[in-house]
Amino acid sequence: MKTYKVAVVGATGMVGRKMLQVLAERNFPIGELMPFASAKSAGKEIEYCGKKYTVIETTEENIYKYRPEIVIMSAGGSTSAKFSPIFAQAGGIVIDNSAYWRMHESVPLVVPEVNPEDAFNHPIGIIANPNCSTIQAMVVLSPLHKAFGIKRVIYTTFQAVSGAGVNGYADLEEGMKAVAEGKSAPESKKFTHPIVGNVIPEIDVLLDNGYYKEEQKMIDETNKIMHAPEIKVTATCVRVPVYYGHSESINIEFEKKVTPNEVREVLEKAEGVVVMDDPANHVYPTALYATNRDEVFVGRIRKDYTIESGVNMWVVADNIRKGAATNAVQIAQLLTKE
Ligand code: A2P
């Protein structure tokens with residue numbers, strides 16, 4: 001079997017560590033593994049499949065020295081802006097989890113269940129992994145758009161702290177500990193307000209149009225991934241004190257008359273989707289249930305009585321797995337077929 005020289009950039013981070021785990025679970029054909037991170041972690045050891053690897057500092061010199069063929073990257077936008085083109089020039093194909101390249105016209109934005117063919121058209125050697133909240137929505141919306149035609153989407157998200165990396169996770173962990181000891185929550189490292197006992201309607205930076213950037217990402221990426229600029233999309237993205245798993249309330253308006261049962265039938269057959277929809281028996285997906293699973297879970301599928309043809313639904317997935325690491329590794333798996 002052909003094997004590949006694989007780099008994970010950001011290998012010490014929240015998503016990078018999960019990428020290593022998912023690569024191992026899927027028996028990805030790695031000939032040589034190269035964990036890259038910043039100067040801070042260079043020389044530290046990480047483990048992969050029972051073997052120890054030394055973390056490599058991400059520098060131009062090291063990229064040309066090691067020349068990985070597949071580069072899976074989750075090290076933030078500025079690191080990706082600087083180093084993705086260098087990895088590509090050194091002969092690698094980069095799968096980047098940051099937002100930096102997602103809307104670039106020469107960079108495909110790929111959810112393997114939705115637009116796998118786009119992964120093979122990467123003229124500058126970079127493929128973007130979509131935003132975590134967008135990925136899980138796409139796995140559900142794309143089959144519905146193909147079946148019925150979607151006119152408009154309203155997203156409201158409830159996003160876990162792990163989406164903000166190790167510092168976001170630590171904010172909740174330390175805050176919970178402090179509160180349990182009767183103290184007030186310590187100063188937040190990542191969020192603009194305490195996250196313990198709170199709900200914060202601010203993710204990423206504020207844009208001139210009044211939206212925070214996470215909301216704009218969901219809007220733009222939905223149109224790009226489905227090749228459907230005509231779909232109207234709006235979003236409110238909210239950080240909640242949950243460790244793993246993004247939950248989304250999604251309201252969809254269809255082009256033609258569709259019943260909740262017809263929606264359920266399409267989703268029951270959709271790749272990567274699990275329908276959990278028996279509200280009378282308290283069956284619907286939750287963040288805890290979705291944690292450490294790779295599928296996207298859907299429930300609470302019900303009619304929106306305020307419009308001609310619309311449904312509301314509740315969509316949950318593990319933001320670090322399907323929302324980041326699993327989706328990136330699935331793209332890498334597609335590439336091995338190229
Ligand atoms: P490091 O641990 O050396 O700082 P998270 O999103 O969980 O905070 O993780 C971010 C990841 O991105 C970490 O692995 C971090 O490495 C890595 N990273 C941050 N800045 C750089 C950089 N300039 N070059 C390479 N990797 C970086």
Side-chain angles (χ1 to χ4, degrees), residues 6-24 33-48 52-68 70-90 92 94-102 126 128-133 135 159-175 188-192 195 203-205 213-214 217 239 242-246 291-292 318-329:
V6 177
V8 173
V9 185
T12 52
M14 183 69 78
V15 173
R17 283 178 304 188
K18 190 60 81 177
M19 283 167 167
L20 290 167
Q21 191 187 328
V22 176
L23 284 165
L33 177 70
M34 301 156 183
F36 282 82
S38 77
K40 191 182 96 191
S41 310
K44 280 189 189 163
E45 286 195 327
I46 59 139
E47 233 186 76
Y48 179 77
K52 288 200 163 44
Y53 292 82
T54 304
V55 174
I56 305 162
E57 183 182 351
T58 313
T59 61
E60 181 163 355
E61 199 188 338
N62 280 337
I63 292 170
Y64 278 101
K65 180 173 164 194
Y66 290 94
R67 291 183 180 273
I70 295 179
V71 181
I72 312 181
M73 193 151 180
S74 188
S78 57
T79 306
S80 183
K82 183 168 169 193
F83 291 111
S84 296
I86 302 175
F87 275 113
Q89 276 149 26
V94 179
I95 301 160
D96 178 43
N97 191 47
S98 84
Y100 188 82
W101 298 99
R102 289 184 193 146
I126 302 172
N129 206 41
N131 166 269
C132 43
S133 298
I135 291 177
Q159 300 186 212
V161 293
S162 52
V166 284
N167 286 339
Y169 190 93
D171 269 355
L172 179 57
E173 205 169 38
E174 285 160 24
S188 172
K189 292 192 188 82
K190 198 75 193 182
F191 307 114
T192 50
I195 189 66
I203 304 184
D204 212 330
V205 297
K213 198 168 166 195
E214 184 85 350
K217 286 180 210 164
R239 189 74 70 191
V242 162
Y243 287 111
Y244 293 106
H246 287 355
T291 299
N292 250 325
D318 184 322
N319 54 303
I320 302 295
R321 278 188 170 264
K322 183 57 187 163
T326 300
N327 199 75
V329 173

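Throughout, numbering of the chain's residues begins at 1 and tracks the sequence. Whatever order the structure lists them in is the order used to number ligands and atoms, beginning at 1.
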Which protein heavy atom lies closest to [atom], and at what distance to 0.1 Å?
{"atom": "atom 8 (O) of ligand 1", "answer": "Val166 CG2, 3.5 Å"}
{"atom": "atom 1 (P) of ligand 1", "answer": "Ser41 OG, 3.2 Å"}
{"atom": "atom 7 (O) of ligand 1", "answer": "Met14 N, 2.8 Å"}
{"atom": "atom 9 (O) of ligand 1", "answer": "Gly13 CA, 3.3 Å"}
{"atom": "atom 19 (C) of ligand 1", "answer": "Ala75 O, 4.0 Å"}
{"atom": "atom 22 (C) of ligand 1", "answer": "Thr79 OG1, 3.4 Å"}
{"atom": "atom 4 (O) of ligand 1", "answer": "Ser38 OG, 3.2 Å"}

**Message:** For Lys217 and Asp204: C-alpha separation, side-chain torsions, deciding distance, then whether side-chain contact (heavy atoms from CB on, under 4.5 Å) applies.
**Reply:** CA-CA 10 Å; Lys217 286 180 210 164; Asp204 212 330; 2.8 Å; yes
**Message:** Checking the N or O distance criterion of under 3.5 Å, is ligand 1 in contact with Val15?
**Reply:** no
**Asked** Short N/O distance, under 3.5 Å, between Val9 and ligand 1?
**Response** no
**Asked** Is it true that Phe87 and Phe36 have ring centroids separated by less than 6.0 Å?
**Response** yes
**Request:** Take Glu214 and Gln159 through the side-chain contact (heavy atoms from CB on, under 4.5 Å) test and state the conclusion after the steps.
**Result:** CA-CA 11 Å; Glu214 184 85 350; Gln159 300 186 212; 2.9 Å; yes
**Request:** Answer side chain, backbone, both or neither: which part of Thr58 comes under 4.0 Å from ligand 1, heavy atoms only.
**Result:** side chain
**ligand 1 contact on Thr12 by region, counting heavy-atom pairs under 4.0 Å** = both
**Fill in**
Among Gly16, Gly163, Ser74, Gly76, the residue with a heavy atom nearest to atom 10 (C) of ligand 1 is Ser74
**Nearest-option assignment for atom 6 (O) of ligand 1, heavy atoms, candidates Ala11, Gly165, Ala170, Ala39** = Gly165
**Prompt:** Does even one non-hydrogen atom of Asn167 get within less than 4.0 Å of ligand 1?
**Reply:** no
**Asked** Is a donor on one side and an acceptor on the other found under 3.5 Å between the side chain of Asp171 and the backbone of Lys189?
**Response** yes
**Prompt:** Under 3.5 Å, side chain of Arg67 to main-chain N/O of Ile63, donor-acceptor pair present?
**Reply:** no
**Message:** Atom CD of residue position Glu45 - does it have more than 12 heavy atoms of other residues, nucleotides or ligands inside 6.0 Å?
**Reply:** yes
**Asked** Just wondering, more than 12 heavy atoms not from Phe83 lying within 6.0 Å of its CZ?
**Response** yes
**Asked** Between Glu173 and Tyr243, does a side-chain contact (heavy atoms from CB on, under 4.5 Å) hold up when you go through it step by step?
**Response** CA-CA 8 Å; Glu173 205 169 38; Tyr243 287 111; 4.1 Å; yes
**Asked** With under 30° as parallel and over 60° as perpendicular, where do the rings of Tyr244 and Tyr169 fit, or are they tilted in between?
**Response** tilted
